[in-house]
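Below, chains carry the letters A, B, ... as their sequence lines are ordered, and counting in each starts from 1.
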Number of protein chains: 2
Amino acid sequence: MGSSDVREGEEVTAVARMTRQRAALLDAIDDQEEFRSAQEIHRELQQRGEKVGLATVYRGLQRLAGTGDVDTVKTGEGENLYRRCATREHHHHLVCRVCGRAEEIDGPTVEEWARTTGEAYGFADITHEVELFGTCAACRGSASVSVRQGSSPDS
Amino acid sequence: MGSSDVREGEEVTAVARMTRQRAALLDAIDDQEEFRSAQEIHRELQQRGEKVGLATVYRGLQRLAGTGDVDTVKTGEGENLYRRCATREHHHHLVCRVCGRAEEIDGPTVEEWARTTGEAYGFADITHEVELFGTCAACRGSASVSVRQGSSPDS
DNA sequence: ACCCTTAATGAGAATGGTTCTGATTACTGA
DNA sequence: TCAGTAATCAGAACCATTCTCATTAAGGGT
């Protein structure tokens, strides 16, 4: 487990043993601007001819998410999507339901709202889950393809 | 399928055939102030001596959620929680990670923020997913029991 | 009260994403 | 080079939820 590694993250890679499959995973992630599910990333790797197990992809993404090297969002269906992280700071996402492209948005407004609202009700250790889903300008025109459900028309 | 029923919902029940198991489900829900998972509700029914199938509980909750008679929130683990709904209007929740008790909160602030932020990026049909999790005052003191994960310390 | 249509139910199988298992492989520091 | 052990792999296990389809029963019509 933990021993001596990681000091001042600046390389997305860093830490732990660099194996062929981990390198492949990092490559794949670096090449993708959009949010992808673990399954999709695994499929992508196979198509590239990389032999990487599904479990390994999950583990890798998990670790990367843990170190803050990749961002994650949950779709309304309880599936996790990943993509490389631009900033390490706390932020939320505006994800396109169609193409999966996402904008990272910071919301001092929501942060503040979440905290004060929670405290107003006497709750502590407030965490918030905030994701926005929509249809981006590019996808607006083109005919629909497989639409990724972000959330029901409510909530 | 659809024919003549439902006009102006005012009774939580209304519509469709009132079966023994549906009545039992409605009862169980009426008695619970906190958010419960379908599995928990099913278990509860069994303990009451009601013989109701798991699938039926899921179907029932689904319908109730559809008609807006029950509220739902998703835990970070992709499990759905239900409880009877106080208001039919759009709102969010502040859920206690420990006991499941929840406050319904309205957030003109977030609503507005979500809409404007989304539009600022050229996205349309914006929907938002917002849930707050925390530890309520009552649970703060008592020793921990099974803690229901609401979300990771981030997001 | 009795029928008949058809919604509702139940038991279990199926799904699908994710995690775990146990054996095997292969980094990496010494 | 070698040992120690992290990482990998294939597939089983998990678990919440959904589906299948034969069976049951609500409830409007008569």
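- Looking only at side-chain heavy atoms (C-beta outward), A:Leu132 and B:Trp113 come within less than 4.5 Å of each other.
- Straight-line distance from the CD atom of A:Gln39 to the P atom of C:dG16: 10 Å, rounded to whole Å.
- When atom types are taken as modelled, the side chain of B:Arg20 and the backbone of B:Lys51 share a donor-acceptor pair closer than 3.5 angstrom.
- If you measure from atom CZ of A:Arg59 to atom P of D:dT8, you get 6 Å, rounded to the nearest angstrom.
- Note that CG of B:Asp30 and CG of B:Leu25 are 9.5 Å apart. Values are rounded to the nearest 0.5 Å.
- Using a 4.0 Å cut-off on heavy atoms, none of the residues of residues 41-50 of chain B approach DNA chain C.
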Between protein and nucleic acid, restricted to nucleotides 28-30 of chain D and to nitrogen or oxygen atoms under 3.5 Å apart, what atom pairs and distances do you find?
none

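- Atom CZ of B:Arg101 has 12 or fewer neighbouring heavy atoms from other residues, nucleotides or ligands inside a 6.0 Å radius.
- In this structure, B:Leu61 atom CG and D:dA16 atom P are separated by 14 Å, rounded to whole Å.
- The distance from atom OH of A:Tyr82 to atom P of C:dG17 is 12 Å, rounded to the nearest whole Å.
- Side-chain N/O atoms of A:Thr19 include none lying less than 4.0 angstrom from OP1 or OP2 on D:dA7.
- For B:Ala55 and B:Arg20, each mapped to the nucleotide of DNA chain D holding its nearest heavy atom, the one lying further toward the 5' end belongs to B:Ala55.
- Of the candidates A:Tyr82, A:Phe133, A:Phe35, A:His93 forms a ring-ring contact (aromatic ring centres under 6.0 Å, His included) with just one, namely A:Phe35.
- Residue pairs that meet the salt bridge (Lys or Arg N to Asp or Glu O under 4.0 Å) test with at least one member in residues 109-120 of chain B, sequence neighbours left out, are B:Glu112-B:Arg115, B:Arg115-B:Glu119.
- One interatomic measurement links the two molecules: NZ of B:Lys74 to P of D:dC15, which rounds to 21 Å at whole-angstrom precision.
- Listed nucleotides C:dT18, D:dA10, D:dA7 differ in distance to A:Tyr58; the shortest reach to its side chain belongs to C:dT18.
- At least one side-chain nitrogen or oxygen of B:Lys51 sits closer than 4.0 Å to the OP1 or OP2 atom of C:dA11.
- Taken together through direct or relayed side-chain contacts under 4.5 Å among Ile, Leu, Val, Met, Phe, Trp and Tyr, B:Tyr58 and B:Leu26 form parts of separate hydrophobic clusters.
- D:dA25 atom P lies 15 Å from atom CZ of B:Arg22, rounded to whole Å.
- B:Glu40 has its CD atom 14 Å from the P atom of D:dC15, to the nearest Å.
- Going from atom CG of B:Leu54 over to atom C1' of C:dA8 covers 15 Å, rounded to whole Å.
- The base of C:dA7 sits with one of its N or O atoms less than 3.5 Å from a complementary donor or acceptor on the side chain of B:Arg17.
- Of all nucleotides listed (C:dT19, C:dT18, C:dA8), C:dT19 comes nearest to the side chain of A:Gln62.
- Side-chain atoms of A:Thr117 do not come within 3.5 Å of backbone N or O of A:Ala114 as any donor-acceptor pair.
- Of the possible polar contacts, none joining the A:Arg36 side chain to the A:Glu44 backbone as a donor-acceptor pair under 3.5 Å is found.
- The main-chain N or O of B:Ala102 is found under 3.5 Å from a side-chain atom of B:Arg83 such that the two form a donor-acceptor pair.
- For C:dA8, the OP1/OP2 oxygens have no side-chain nitrogen or oxygen of B:Gln21 closer than 4.0 Å.
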